[in-house]
Amino acid sequence: MPPKVDLNKCDGCQAQDEPLCEQVCPGNLMTLGENAKAYCRELRDCWDCMSCTKVCPKGAIDTRVPYQLGYHGASLTPMMGTNSVTWTCVDLNGNVERFRVKTRGRYGE
Amino acid sequence: MPTKPGIALALWDQGGALARALDLDAFAAALAKLSGVAGLWRPADLEGGLEELAQAFREGRADRLLMLGRATPAQRDLIWRRLSATGLNPHLVHWLDLQEESALPPGFPSEPRRKKALLITKMHLADLRLARPLMPVAVPAEPTALVVGGGVAGLGAALALAKAGVEVHLAERTSALGGKVALLSGFYPLGCDPACGLSFTLEALRATGKARLHTLSELAEISGGPGAFRAVLRRRPGHVDPERCDGCGACAEACPVQLPDLAEWWQDEPPLNAQAFALAGAPAKAIGPTGNPALGTSYRVLRERCPEGCDACVAACPAGAVRLDEDESRLEVGAGAVILATGWDPYPLSRLTEYGYPRSRRVVGNLEMEGLLSERGLPSLAGLLGAEGKPPALGFVQCAGSRDLAHLPYCSGVCCSATLKQARRLKQLWPELTVYIFYQDMRTPGFEEDLYRDVAAMEGVVFVRGLPAGVREQDQDGRLALRCEDAYAGRELKLSLDLLVLAGGMTPSPGAAELGGLLGLPAGPHGFFPAHLQCHPEESGRSGVFAAGCAREPMNVARSLESAARAALAALPFMQGEAWLAPHLPQLDQGKCDQCKRCVEECPFGSWSLDERGFPRLDLARCRQCGICMGSCPLTAISLPNRTVNQTAKAVEVLGEGTAFAGKEPVILAFLCRHDALIAARAAAAAGLALPPGVVLWPLNCAGSLNNALVADALSLGVDGVFIGGCAEDQCHFREGSRLAGRRSRDLGDKLAQMRLEPERVRFAHLGIGDAGRFAELVGEYAAALRALGPNPFRM
Amino acid sequence: MAYQPPKDPQEIPVEEVSCGLLIIGGGNAGCFAAVEARKLSPEMDIVIMEKAHISRSGATAAGMDAINTYIPPGKTPEDLVRWSRSQVGGGPIREDLALTNAQELNQAVDDLEDWGLPIVRDDEGNIKYRGGWDISIRGEALKPIMAEKAIETGARVYNRVVATNLLMDGEKCVGAMGFGLRDGKFYVFRAKATIVATGGACGLYKSYTADSTTSHHQTWMCPFNVGTGYAMGIRQGAEMTSMEQRWVATRTKDFCGPVDTISVGYRSAMINGRGEKILEKHYAHLGGDKAPRYIRANAPMDEWLAGRGPTFVDTTHLSDEEAKELKIDYLCERPSFVLFLASRNHDVTKEPIEIYGSDPYIVGGHTQSGYWVDVERMTTIPGLFAAGETAGGNPNKFVGGCAAEGKLATRGALKYMQAVTLPPLDQARMKAQIEAEKARVFSPLMKGAEFDGVSPVEMEERMQRLMDEYAGGTSQFYRTNEERLDYALRHLAMLKSQIGLLHAGDLHGLMLAHEVIDRLDVAEVLCHHLKHRRETRWPGWQTRSDFPEADPALDCFVETVRDPLTGEIKSFTRPYEQVVPGDRFKPTLDGKF
């Protein structure tokens with residue numbers, strides 16, 4: 001599941017040594033390119049955990065399904081809250097499905 | 001079993017606004033049943049009426065207070081005085097004026113209005129429930145000051161601080177104290193010699209016993225923060241031990257070197273046209289006195305001019321004070337605060353090629369003119385004027401290199417008065433002298449207008465509106481010829497002058513820029529140190545570092561001294577042994593932190609740095625407790641006590657669960673900076689301006705302290721729109737907060753589009769403290785836009 | 001600022017770190033090990049070596065939607081052991097490990113809830129069980145929650161430090177060595193006790209979707225866990241157990257995502273191309289839908305082989321509400337599966353979800369492959385403890401059990417270290433060991449630009465093809481036989497002989513090189529295990545086409561030890577010991593499923 005970085009939105013985390021996506025990737029795949037923006041050094045090695053997509057403060061990273069597995073045009077976008085994450089999923093027909101999922105805290109609290 | 005202390009709710013409907021808007025008894029009953037509420041009190045007055053409430057705190061039934069109703073600041077003081085003795089912590093007291101919070105929108109039917117009032121109260125309760133008792137934090141405040149710059153501002157600040165009991169280290173870059181003022185010939189209006197005032201100051205400073213004055217010294221390194229700076233001063237070798245030298249001059253007599261150019265002797269001083277001084281005075285040697293004699297000169301050696309192997313001065317000195325092998329030395333000092341009084345330098349007049357400076361000895365700058373007018377310089381000046389029987393005449397060129405985009409774009413504000421002062425002195429010395437003043441505008445504010453009138457009335461003083469051109473030395477007598485268009489007379493003048501004085505402007509001292517870099521100061525206008533003129537003129541942009549005098553902007557001596565006093569006073573709290581800080585210092589959860597360094601990058605005050613393990617570490621005294629770091633952290637790892645992300649998240653959750661109150665009206669959560677936007681919003685609500693009934697206000701310390709995760713929470717819970725109000729970008733109390741908030745809301749807008757939510761559901765606006773009407777307008781427009789968009793798809 | 005590889009081992013900066021407890025791997029077991037160590041020993045100097053960043057590293061990077069074992073009220077740890085035993089076809093399993101783990105299990109899960117992990121409860125506050133033992137959680141933040149707790153202990157966490165070998169003092173383990181993925185340093189960690197918790201081994205076999213340019217890592221298991229923990233022990237002569245019991249599971253086809261969520265949690269039966277309920281039809285005697293896990297894994301593949309494919313889990317009975325809940329579960333653990341469905345316009349209430357077998361993995365938290373450990377969780381190398389997927393003998397641990405084992409390993413480690421003094425690193429044989437390892441580790445980087453060698457990905461692909469075709473991979477429906485295993489071993493030996501040809505241009509490449517090297521060591525041991533078990537005890541996990549029936553003589557554990565000097569691998573057995581009474585093949589005392 002290769003991550004795609006929108007170069008217009010990515011600011012390389014303002015040229016700090018390691019952008020957030022590089023900090024977090026469990027496979028050491030995200031890194032800063034020569035243009036001081038993030039990119040995935042080996043698309044085929046991505047495990048699609050979406051940690052980079054979740055953490056990017058500019059929302060510049062989009063997770064894709066490889067075309068060998070699924071068709072083009074669907075999207076899944078996470079938005080991190082303080083103790084929840086909100087997902088928007090859009091299928092090939094443009095149907096939108098939304099999910100709000102608790103991530104921290106006891107049920108009932 | 002002892003239960004946890006709850007929240008005391010007090011309802012004090014002064015003015016009856018609540019009773020008019022709600023069934024107050026039913027409302028009170030509903031409030032009393034809320035979870036975590038220890039009880040509801042309705043004090044009849046602020047005297048005895050608070051006694052029962054106080055009892056609840058004394059008995060530990062409640063440990064925090066939410067006061068509902070309108071209370072003026074004086075009344076809040078009174079209430080606090082009545083309750084503080086019970087042990088109630090001041091940070092556990094919240095005030096909630098429901099009308100001001102727009103909780104009681106007038107056109108709203110009574111049931112939704114009741115729901116809204118209850119909802120907003122519950123939000124504040126949720127926030128207060130998670131608050132903690134806070135105490136001010138003490139940090140060490142070393143009772144030592146570091147003053148950089150030994151001119152009039154530096155000495156003035158040092159004296160003020162020394163008198164206040166603070167030890168002062170003063171570092172002066174050149175070999176002499178007194179700065180530019182020591183080069184002046186006389187003050188206006190009294191005409192007194194500045195050396196008098198300076199020597200008086202120096203004597204007083206020495207008398208305090210608290211000042212250590214270091215010449216030939218610069219700030220080389222600095223670390224630490226307010227209350228605990230550690231600085232390293234680097235001292236260039238002067239090669240003469242000031243503690244042994246008695247100024248007898250035997251060394252200079254013995255020195256075989258004669259400096260051809262006086263300017264070399266003044267190597268640390270402004271580039272002067274030395275030729276003007278060549279007519280008088282003994283030639284300078286490689287060893288000799290520096291500085292104004294009235295201030296106590298010190299001897300030094302220009303080591304690079306010494307011939308190989310020569311030590312004539314060493315042999316000649318009866319006190320053995322000459323140290324030719326002296327090296328650079330370093331001194332480490334600790335300081336609670338730093339005052340930058342680095343002064344100014346004249347604009348390099350050699351860049352004004354049209355005037356022949358410094359080719360001709362007959363063209364000088366206004367600072368050199370001061371030198372020529374002083375006792376030491378008068379013989380040289382006399383020599384320049386009235387050559388070969390022609391009537392003596394000189395000219396002043398005002399705005400030389402000032403108010404000019406190619407040179408200094410600004411006005412230094414001092415040169416016109418300086419010229420008039422010099423002109424008056426010249427006329428006193430040479431009544432027959434004709435003085436031309438070439439000007440664009442004469443700027444003499446305040447009482448300086450008197451000086452202008454006096455000089456203008458003098459015989460032989462001619463004001464010409466127009467700047468000269470074609471300045472050249474005449475072959476025959478060496479005098480200057482020039483032309484000038486007199487705009488008022490409407491004709492061209494052709495003149496021969498003995499001397500032309502270029503009244504140039506003031507620039508920051510060389511080295512000020514590096515110093516700023518060393519201290520991490522933001523750049524100010526035109527290379528000077530920045531400040532908010534009205535609110536914080538002494539600030540530099542870094543806590544604990546203050547700027548005084550011409551380091552801040554061009555100013556005259558009087559203002560410099562006032563500025564120095566202001567800086568000294570502002571610095572004092574950092575040097576009292578202990579400084580007390582408000583308790584909202586940000587706390588970092590290292591467990592959550594992944595060291596992305598955003599907080600370090602985005603803090604406008606440089607309060608965060610990295611520790612040995614790469615985790616952010618806070619300089620407590622530097623921190624302004626704005627919360628911008630809390631807003632910047634993508635992992636919400638930073639929170640400010642009693643303004644935490646969790647507290648706000650809980651309040652947002654309460655709102656999210658209660659969005660039904662608004663019926664078909666859009667629910668707008670307005671996060672507002674409490675310095676300006678919130679005041680405007682509350683004023684709008686209090687004045688009864690029409691506000692959309694679905695708007696809910698929430699305070700922020702700074703718009704920059706709002707974390708996008710909270711906005712995400714609000715939207716995902718079904719809030720229709722989030723409105724963020726911050727100060728105008730260049731007026732943010734914390735410099736960058738408003739700009740960052742604007743940027744973050746734009747980033748979030750992009751994310752919302754990806755989420756198939758409309759980016760318009762987040763809106764950022766700038767609001768000033770008086771913008772009540774504008775707030776009503778903006779939020780009304782926003783509600784209309786949201787109505788058109790329809791409810792948030794997350795409303796379930 | 002491109003990375004400049006060193007030209008000489010002398011150039012490489014060395015960082016030496018000494019501590020009390022070294023934890024290799026900051027994952028589920030590793031974080032719990034750290035928290036337990038701090039709880040029991042306020043002064044303990046704890047170091048965690050983590051090859052990624054602890055906040056999102058390893059198998060729980062995207063989250064978790066369930067904790068598969070949590071003992072419900074009314075059941076006992078013994079009941080759990082019985083069930084676990086039956087799930088692996090009656091075992092043999094290490095019942096001592098299973099029982100001690102089950103006794104710690106619930107507390108570990110309760111800890112997670114205390115730390116803020118949402119466990120799904122109903123309105124009365126009761127936990128909702130989705131199967132007999134598994135509970136639903138909203139675990140998107142499971143990893144950060146555990147990482148925060150580990151960091152709170154004050155442990156020194158070395159992120160982006162790749163472990164490469166154990167540090168040995170004769171026969172004892174006294175720490176580990178590795179390299180910095182960012183700083184290019186060589187690290188030597190010296191510790192009184194070491195816990196290896198590096199997860200399992202993925203990528204030994206070719207994943208059937210791994211032929212494409214953008215989805216090489218289309219695996220259920222975390223592809224960044226390559227079995228380094230096992231390899232380090234193997235190289236020093238540690239005894240491995242049950243490696244032949246590979247974890248092969250039914251997974252969503254092509255995507256290779258979790259399926260138990262659906263089949264167990266949403267009562268979606270496995271069906272074949274004809275719509276027949278496979279488990280009910282063919283495996284009722286083994287419990288049907290509750291049959292042992294390897295049956296559930298193998299069954300769909302048998303359907304394919306028999307020409308009755310494709311196979312599915314039948315979700316068409318789900319309501320819209322349940323379908324949404326299902327997606328929420330996936331969003332908490334493998335969110336891109338939801339994207340996968342969307343990118344096929346797949347409405348699960350109208351079409352069933354296709355399933356297939358996964359590539360085989362070695363994971364001691366699911367099956368029981370891994371280090372042979374005693375009840376203190378110490379491996380056969382003194383001073384080295386194992387926990388989580390890295391420790392063998394006890395299957396069906398999952399999140400809760402790995403967490404519990406982290407605690408148990410720490411207790412063992414703390415007891416052990418009381419009698420330990422550490423050798424100084426400048427002692428001759430320590431120095432020699434360190435220099436040798438430094439040279440070995442950095443060798444792929446120091447070949448020079450002109451070097452004509454082999455890239456890590458080439459060697460990885462060669463190995464994965466080899467294992468898939470000859471050691472029972474997916475393309476072979478998991479079947480292998482003696483001749484193929486010998487073939488595999490011959491070629492693995494050739495690959496190992498060419499390790500010296502591996503070259504890398506930067507530190508990331510260096511990591512990839514070592515991942516291949518480690519996998520080769522694990523694959524070799526795995527083949528020996530598969531060879532030794534000349535029977536088919538757990539079809540799918542371990543299928544010998546030349547010995548298709550179970551052999552009672554092999555009702556025991558298969559073990560291997562590799563000689564650290566010669567590299568020779570010896571395989572042998574250890575007897576099974578029943579500790580918890582009851583019919584081994586039945587999940588409960590009364591025999592009911």
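None of these values were measured; they are calculated from a predicted model. Throughout, protein chains are lettered first and strands after them, A, B, ... in sequence-line order, and every chain is numbered starting at 1.
- Figure legend: C:Lys324 and A:Phe99 shown as a cation-pi pair, the cationic atom lying under 6.0 angstrom from the six-membered ring centre and within 45 degrees of its axis.
- For the residue pair A:Glu18 / C:His53, no side-chain donor-acceptor distance below 3.5 Å is found, with atom types taken as modelled.
- For residues 57-64 of chain C, the interface with chain A (any heavy-atom pair closer than 4.5 Å) comprises C:Ser57, C:Gly58, C:Ala59, C:Ala61, C:Ala62, sorted by residue number.
- Residue pairs meeting the salt bridge (Lys or Arg N to Asp or Glu O under 4.0 Å) criterion with at least one member in residues 339-348 of chain C, sequence neighbours excluded: C:Asp254-C:Arg344, C:Asp347-C:Lys350.
- For C:Val120, the parts lying near chain A are the backbone and the side chain together; criterion is any non-hydrogen pair under 4.5 Å.
- Using a 4.5 Å cut-off between heavy atoms, C:Cys222 contacts chain A through both its backbone and its side chain.
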Verdict with reasoning, C:Asp110 to C:Tyr70, per side-chain hydrogen bond (donor to acceptor under 3.5 Å, both in side chains): CA-CA 9 Å; C:Asp110 292 342; C:Tyr70 183 65; 2.5 Å; yes
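- When only modelled atom types and interatomic distance are considered, C:Thr219 and C:His217 share no side-chain donor-acceptor pair under 3.5 Å.
- Looking at A:Arg104 and C:Glu148, a side-chain N of the basic residue comes within less than 4.0 Å of a carboxylate O on the acidic one, giving a salt bridge.
- Neither the backbone nor the side chain of C:Asp123 has a heavy atom closer than 4.5 Å to any heavy atom of chain A.
- Between A:Asp48 atom CG and A:Arg64 atom CZ the span is 14.0 Å, to the nearest 0.5 Å.
- Considering only heavy-atom pairs separated by less than 4.5 Å from chain C, the leading option among A:Asn28, A:Leu29, A:Thr53 is A:Asn28.
- Note: C:Arg182 leads C:Glu333, C:Glu140, C:Arg182, C:Glu113 in heavy-atom pairs under 4.5 Å with chain A.
- No other option in C:Leu341, C:Ile54, C:Leu181 has as many heavy-atom pairs under 4.5 Å with chain A as C:Leu181.
- Using a 3.5 Å distance cut-off with no hydrogens or angles, the side chains of C:Thr209 and C:Ser215 do not pair a donor with an acceptor.
- For the options C:Ala141, C:Ala52, C:Pro223, C:Pro144, heavy-atom pairs under 4.5 Å to chain A are most numerous at C:Pro223.
- Other residues, nucleotides and ligands contribute at most 12 non-hydrogen atoms within 6.0 Å of the OH atom of A:Tyr71.
- The part of C:Ile119 that comes within reach of chain A is its backbone (N, CA, C, O), which places non-hydrogen atoms under 4.5 angstrom from that chain.
- If you run side chain to side chain contact (heavy atoms under 4.5 Å, CB included) between A:Lys9 and each of A:Asp11, A:Leu7, A:Asp6, only A:Asp6 comes through.
- In terms of heavy-atom pairs under 4.5 angstrom with chain A, the leader among C:Arg56, C:His346, C:Glu50, C:Lys51 is C:Arg56.
- C:Ser343 contributes no side-chain N or O that, together with a main-chain N or O of A:His72, makes up a donor-acceptor pair within less than 3.5 Å.
- In this structure, C:Tyr361 contributes its side chain and C:Trp220 its backbone to a donor-acceptor pair below 3.5 Å.
- Interface summary for chain A: among C:Leu331, C:Leu142, C:Val457, the most heavy-atom pairs under 4.5 angstrom belong to C:Leu331.
- Checking each of C:Phe337, C:Tyr208, C:Tyr330, C:Tyr356 against C:Phe255 for a ring-ring contact (aromatic ring centres under 6.0 Å, His included) leaves exactly one that passes, namely C:Phe337.
- Proximity to chain C (any heavy atom under 4.5 Å) is restricted, for A:Gln68, to the side chain, taken from C-beta onward.
- C:Lys327 pairs by the salt bridge (charged side-chain N to carboxylate O under 4.0 Å, His left out) definition with A:Glu97, not counting sequence neighbours.
- Contact tally against chain A (heavy-atom pairs below 4.5 Å) for C:Asp114, C:Ile137, C:Asp122, C:Leu507: the top residue is C:Asp114.
- In C:Arg465, the CZ atom is not crowded: 12 or fewer heavy atoms of neighbouring residues, nucleotides or ligands sit closer than 6.0 Å.
- When the heavy atoms of residues 80-90 of chain A are compared with those of chain C, the residues falling under 4.5 Å are A:Met80, A:Val85, A:Trp87, A:Cys89, A:Val90, listed by number.
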